[in-house]
Amino acid sequence: MTTLAAAMARLGTESAFEVLARAKALEDQGRDIINLGIGQPDSKTPDHIVEAAVKALRDGHHGYTSATGIVELRQAVAADIQLRRGVSIDPANVLIVPGGKVTMFFAMLMFGEAGAEIIYPNPGFPIYQSAIEFSGAKAVAMPLHEETGFSFNADEVLSLITPRTRLIILNSPANPTGGVTPRAEIERLVDGLQAHPNVTILSDEIYARMVYDGREHVSLMEFDSIRDRLILLDGWSKTYAMTGWRLGYGVWPKAHIDGATRLAINCHSCVAAATQFAGIAALEGPQDAADAMIANFDKRRGFIVDALNQIPGITCAGSSGAFYAFANITGTGIGSAALQDKLLNEAGVATLSGTSFGHMGEGFLRFSYANSTANIKIALERIRECL
Ligand code: PLP
């Protein structure tokens, strides 16, 4: 019998990939499935970005790059942060990695171990809890409530901090809820964190460009008082429809960039060179395709929220960011996981059970509106009939 490390039993997963596989299997049997489950844009990467990668390959960029990422890309990230977040950072603190997830995983490896505690949003991106538990640390749930638009409550978060807390994970705009945390709540949290100087913050801002209804994205980067203990996670996957390219970045505090770079050298060496050139073109090139995609999400958002509210048993308070609507399904009398299965098998619509995002997700289903309005319309019609 082989013996595995105990940590393997603590590793969770991201159900979106399992549902995607089940939807694909049903499609292979000839079923027509509309996928509102997976969290990725339905558009292609803009042409000028693809061309930049093709050119890089033709120009012979086939070898390793620096583990931190090519200088021009790190500079482009710094310029983008200056432009969009109004904050000046040193490109030397940027670590280019293969996808947003990698910054997350490295943060958990750096801070997590038995005896440590890490606070994470629940419902939240499932890899937070999984990676925390894998590291050996205790995953402490920061509950997010429907009544407050799934924004965290600063006092509630601060009350979870103990002498063992090493890291707090924040995510706004949020997956799976579409919640956007208001400035006042973030300011109260930052103020409260002054009493906890040993706690590091990981701010996952991968949906930063996708905010609607006149809401603003408030970056944790704006707050000087925590800059020396803030890890910013962002990337290209969502904004530039580049999920399959595997490209993301972390901005690390000066004290930790060398540790994060060592993790990169041990893990993946560097991101594919051509992908990095594509990343420069994305940040420095025209933004019209990204802007149009986001404007489209906004339109579909209005449509899906209204349509969900017209289905008996389902209510959706709204979605202020990202491309997800997190609908309350308690009125159907069916549990979240059972309803996810029923809708996939009987209505041919893939959604994700709220419980895929933690125990606080019971009673909810996540609908991704990164799909055409026509498809969303048919999907919701099928759901209404099915129920
Ligand atoms: N963070 C959040 C909140 C996400 O929803 C996702 C992807 O769904 C990621 C990070 C990971 O992004 P990537 O595909 O770039 O690894």
Side-chain angles (χ1 to χ4, degrees), residues 12-20 35-42 45 49 69 73 77 94-108 118 120-132 142 144 150-152 167-181 201-211 217 219-220 231-251 264 267-268 271-272 275-276 278-279 282-283 290 297 319-326 350-352 354 356-358 361 366-370:
T13 188
E14 190 180 348
S15 316
F17 286 96
E18 284 163 16
V19 171
L20 186 68
N35 198 333
L36 305 184
I38 192 79
Q40 68 178 342
D42 57 324
T45 305
I49 301 176
L73 181 55
V77 167
V94 177
L95 180 68
I96 306 296
V97 282
K101 268 181 180 166
V102 180
T103 300
M104 194 183 295
F105 205 68
F106 283 5
M108 271 27 131
I118 298 179
Y120 73 101
N122 191 327
F125 187 53
I127 301 305
Y128 302 143
Q129 185 180 353
S130 166
I132 294 167
M142 163 200 306
L144 301 180
F150 297 105
S151 157
F152 64 76
L167 186 70
I168 296 181
I169 303 172
L170 302 174
N171 174 220
S172 175
N175 179 9
T177 63
V180 173
T181 304
I201 302 105
L202 168 65
S203 184
D204 181 343
E205 301 183 11
I206 201 148
Y207 297 101
R209 296 265 293 268
M210 296 164 193
V211 282
H217 166 64
S219 174
L220 270 288
I231 304 162
L232 172 73
L233 181 162
D234 202 341
W236 287 256
S237 296
K238 316 287 175 175
T239 315
Y240 299 102
M242 291 178 73
T243 52
W245 293 71
R246 309 314 299 140
L247 186 63
Y249 69 81
V251 180
C267 175
H268 58 264
V271 172
T275 300
Q276 295 191 51
L283 295 180
F297 287 156
S319 162
S320 309
F323 40 74
Y324 307 114
F326 205 54
T351 60
L352 279 183
S356 309
F357 303 95
R366 188 191 82 171
F367 295 80
S368 161
Y369 46 86

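Just so you know, residue 1 is the first one in the sequence shown, and it goes up from there. Atoms within each ligand, like the ligands themselves, are counted from 1 in listed order.
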Can you tell me how far apart CE (M210) and OG1 (T239) are? Round to the nearest 0.5 Å. 4.5 Å
The atoms of ligand 1 lying under 4.0 Å from a heavy atom of M104, numbered in the order shown, are 1 (N), 10 (C)
From T181 atom OG1 to F152 atom CZ, the distance as rounded to the nearest 0.5 Å: 5.0 Å
Please work out whether any backbone atom (N, CA, C, O) or any side-chain heavy atom from C-beta onward of N171 is under 4.0 Å from ligand 1, and answer side chain, backbone, both or neither. side chain
Taking atom 13 (P) of ligand 1 as the reference point, the nearest protein heavy atom with its distance: G100 N, 3.4 Å
4.0 Å heavy-atom contact, W236 with ligand 1: no
Pairing residues for Y249 by the ring-ring contact (aromatic ring centres under 6.0 Å, His included) criterion, not counting sequence neighbours: W236
Within the structure, does S237 bring an N/O atom to less than 3.5 angstrom of an N/O atom in ligand 1? yes
I'd like the name of whichever of V102, I169, D204 reaches closest to atom 3 (C) of ligand 1 through any heavy atom. D204
Candidate pair L220 and L232, rule side-chain contact (heavy atoms from CB on, under 4.5 Å), full reasoning: CA-CA 8 Å; L220 270 288; L232 172 73; over 6 Å; no
for atom 12 (O) of ligand 1, nearest protein heavy atom and its distance come out as I206 CD1, 3.6 Å
Give the residue and atom name of whichever protein heavy atom lies nearest to atom 7 (C) of ligand 1, and the separation in Å to one decimal. K238 NZ, 2.8 Å
Within the 4.0 Å heavy-atom shell around G99, which atoms of ligand 1 are there? 15 (O), 16 (O)
Drop me the distance from I118's CD1 to I132's CD1, to the nearest 0.5 angstrom. 5.0 Å
Could you check whether the rings of F323 and F297 sit parallel, tilted or perpendicular, using 30° and 60° as the cut-offs? tilted
Contact (N/O only, under 3.5 Å) between R246 and ligand 1: yes
Side-chain contact test, heavy atoms from C-beta onward, threshold under 4.5 Å: evaluate it for Q40 versus S237 and give yes or no. no
Would you say Y128 contacts ligand 1, with heavy atoms under 4.0 Å as the rule? yes
P176 side chain near Y324 side chain, heavy-atom distance below 4.5 Å: no
Does an N or O anywhere in Y324 fall below 3.5 Å from an N or O of ligand 1? no
